[in-house]
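Working notes, structure below.
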Amino acid sequence: MDSALSGNRPGPGRPDRVGYLPDPEQTLMKLVVAGPFGVGKTTFIRTLSEIPTLHTEEAMTETGAPVDDVAGLPGKTTTTVAVDFGRLTLPGEVVLYMFGTPGQRRFFPLWQDIARGALGALVLADTRRLADSFEIMDMVEEQGLPYAVAVNRFPDSPAHPPEVLRAHLDLHASTPLVLCDARERGSSLDALIALAEHVLHGLPASGPAPARVPVPVPEQS
């Protein structure tokens with residue numbers, strides 16, 4: 001066995017536990033962070049994650065220009081091509097696993113795979129391109145996921161009252177709508193908590209507990 005790995009394993013009489021193994025007393029929730037291309041999903045997860053994030057950003061090329069419209073997105077040079085992943089532990093031993101998904105339609109089969117087993121989705125929206133969020137919300141609803149909408153405030157985004165945004169997005173009265181800045185931890189945390197509360201509120205009192213997310217364990221050598 002690798003010495004570094006064995007040194008981290010609890011032995012007889014040692015109360016310490018391996019940091020990357022889930023605590024059986026914790027409630028683990030898999031959540032999807034969705035939204036159109038360039039809306040700030042990667043930034044959102046990086047802002048909140050308590051661990052170094054897994055991200056799959058690649059440089060945009062001229063080949064993708066016809067399908068990845070960067071109009072209104074100054075400085076946008078990369079795009080997520082697979083998944084962003086981060087983790088956040090909330091008071092009460094609730095652990096949120098955040099899976100960020102690509103926003104382009106061509107990644108829909110991948111999106112379906114990532115969303116499998118999720119308890120809910122946070123849909124990020126941009127007031128400069130509100131109509132781009134409709135397709136994402138349709139995809140979320142097709143998967144049967146409860147969701148909340150977080151309007152990400154960019155420096156040059158038009159500001160609108162929540163009731164106006166709710167009307168333009170045609171949201172159900174029970175769907176949470178919050179404003180956030182994906183670069184700012186406090187408002188991003190409020191958005192994620194709004195989703196978590198919405199998901200927990202919708203779970204049947206006598207139904208199954210939130211699904212546990214498989215966590216990879218390094219192989220012993």
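Note that these values count all heavy atoms, side chains included, but never hydrogens, waters or copies made by symmetry. Numbers here are sequence positions counted from 1.
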For residues Val164 and Met137: do they belong to one hydrophobic cluster (side chain heavy atoms under 4.5 Å, members Ile, Leu, Val, Met, Phe, Trp, Tyr)? no

Hey, are the side chains of Thr47 and Leu189 touching, using non-hydrogen atoms and a 4.5 Å cut-off? no

Are any of the side-chain heavy atoms of Phe85 and Ile51 separated by less than 4.5 Å? yes

Shortest non-hydrogen contact from Ala34 toward Ile136: CB-CG2, 3.8 Å

When the side chains of residues 175-183 are checked against the rest of the protein, which donor-acceptor pairs come out under 3.5 Å, sequence neighbours left out?
{"unit_1": "Asp181", "atom_1": "OD1", "unit_2": "Arg183", "atom_2": "N", "d": "2.9"}
{"unit_1": "Asp181", "atom_1": "OD1", "unit_2": "Arg183", "atom_2": "NE", "d": "3.0"}
{"unit_1": "Asp181", "atom_1": "OD2", "unit_2": "Arg183", "atom_2": "NH2", "d": "2.9"}

Give me the atom names and distance for the closest heavy-atom approach of Leu169 to Ser133. CD2-CB, 4.4 Å

If we ignore hydrogens and angles and just use 3.5 Å, is the side chain of Arg185 paired with the main-chain N or O of Leu48 as donor and acceptor? yes

Rounded to the nearest 0.5 angstrom, the CG-CE distance for Leu88 and Met98 is 5.5 Å

Of all the heavy-atom pairs spanning Gly40 and Asn152, show the shortest one and how long it is. CA-ND2, 4.0 Å

Whether Arg129 side chain and Phe37 backbone form a donor-acceptor pair below 3.5 Å: yes

Leu119 versus Pro146, closest heavy-atom pair with distance: O-CG, 3.2 Å

Straight-line distance of Phe134 CZ to Met139 CE, nearest 0.5 Å: 15.5 Å

Flag, side chain of Ser157 to backbone of Arg153, donor-acceptor distance under 3.5 Å: no

Is a salt bridge present between Asp84 and Lys41, judged by a nitrogen-to-oxygen distance below 4.0 Å? no

Judged by atom type as modelled, is there a donor-acceptor pair below 3.5 Å linking the side chain of Glu184 to the main-chain atoms of Gly186? yes

Set out, in order, the CA-CA distance, both residues' side-chain angles and the distance that settles side chain to side chain contact (heavy atoms under 4.5 Å, CB included) for Tyr97 and Met29, then state yes or no. CA-CA 6 Å; Tyr97 289 99; Met29 297 177 63; over 6 Å; no

Could you check whether any side-chain heavy atom of Arg128 comes within less than 4.5 Å of a side-chain heavy atom of Pro158, counting everything from C-beta outward? yes

I need the minimum non-hydrogen distance between Ala196 and Leu96, along with the two atoms involved. CB-CD2, 4.4 Å

I need the Arg166 CZ to His172 NE2 distance, nearest 0.5 Å. 10.0 Å

Output, in order, the C-alpha distance, side-chain angles, deciding distance and verdict of side chain to side chain contact (heavy atoms under 4.5 Å, CB included) for Leu195 and Leu31. CA-CA 9 Å; Leu195 170 63; Leu31 302 175; 4.0 Å; yes

Compare every heavy atom of Ser49 with every heavy atom of Thr53, then report the nearest pair and how far apart it is. CG2-CB, 3.5 Å

Before giving the answer on side chain to side chain donor-acceptor pair (under 3.5 Å), spell out for Thr27 and Glu93 the whole-Å C-alpha distance, their side-chain angles and the decisive distance to 0.1 Å. CA-CA 6 Å; Thr27 298; Glu93 296 300 311; over 6 Å; no

Where do Phe44 and Leu192 land on the side chain to side chain contact (heavy atoms under 4.5 Å, CB included) test, with the steps shown first? CA-CA 10 Å; Phe44 182 91; Leu192 201 61; 4.2 Å; yes

At what distance, to the nearest 0.5 angstrom, does CG of Leu122 lie from OH of Tyr147? 11.5 Å

Begin with the C-alpha distance, continue with both residues' side-chain angles, and end with the deciding distance and a verdict on side chain to side chain contact (heavy atoms under 4.5 Å, CB included) for Gln143 and Val140. CA-CA 5 Å; Gln143 295 298 305; Val140 171; 5.9 Å; no

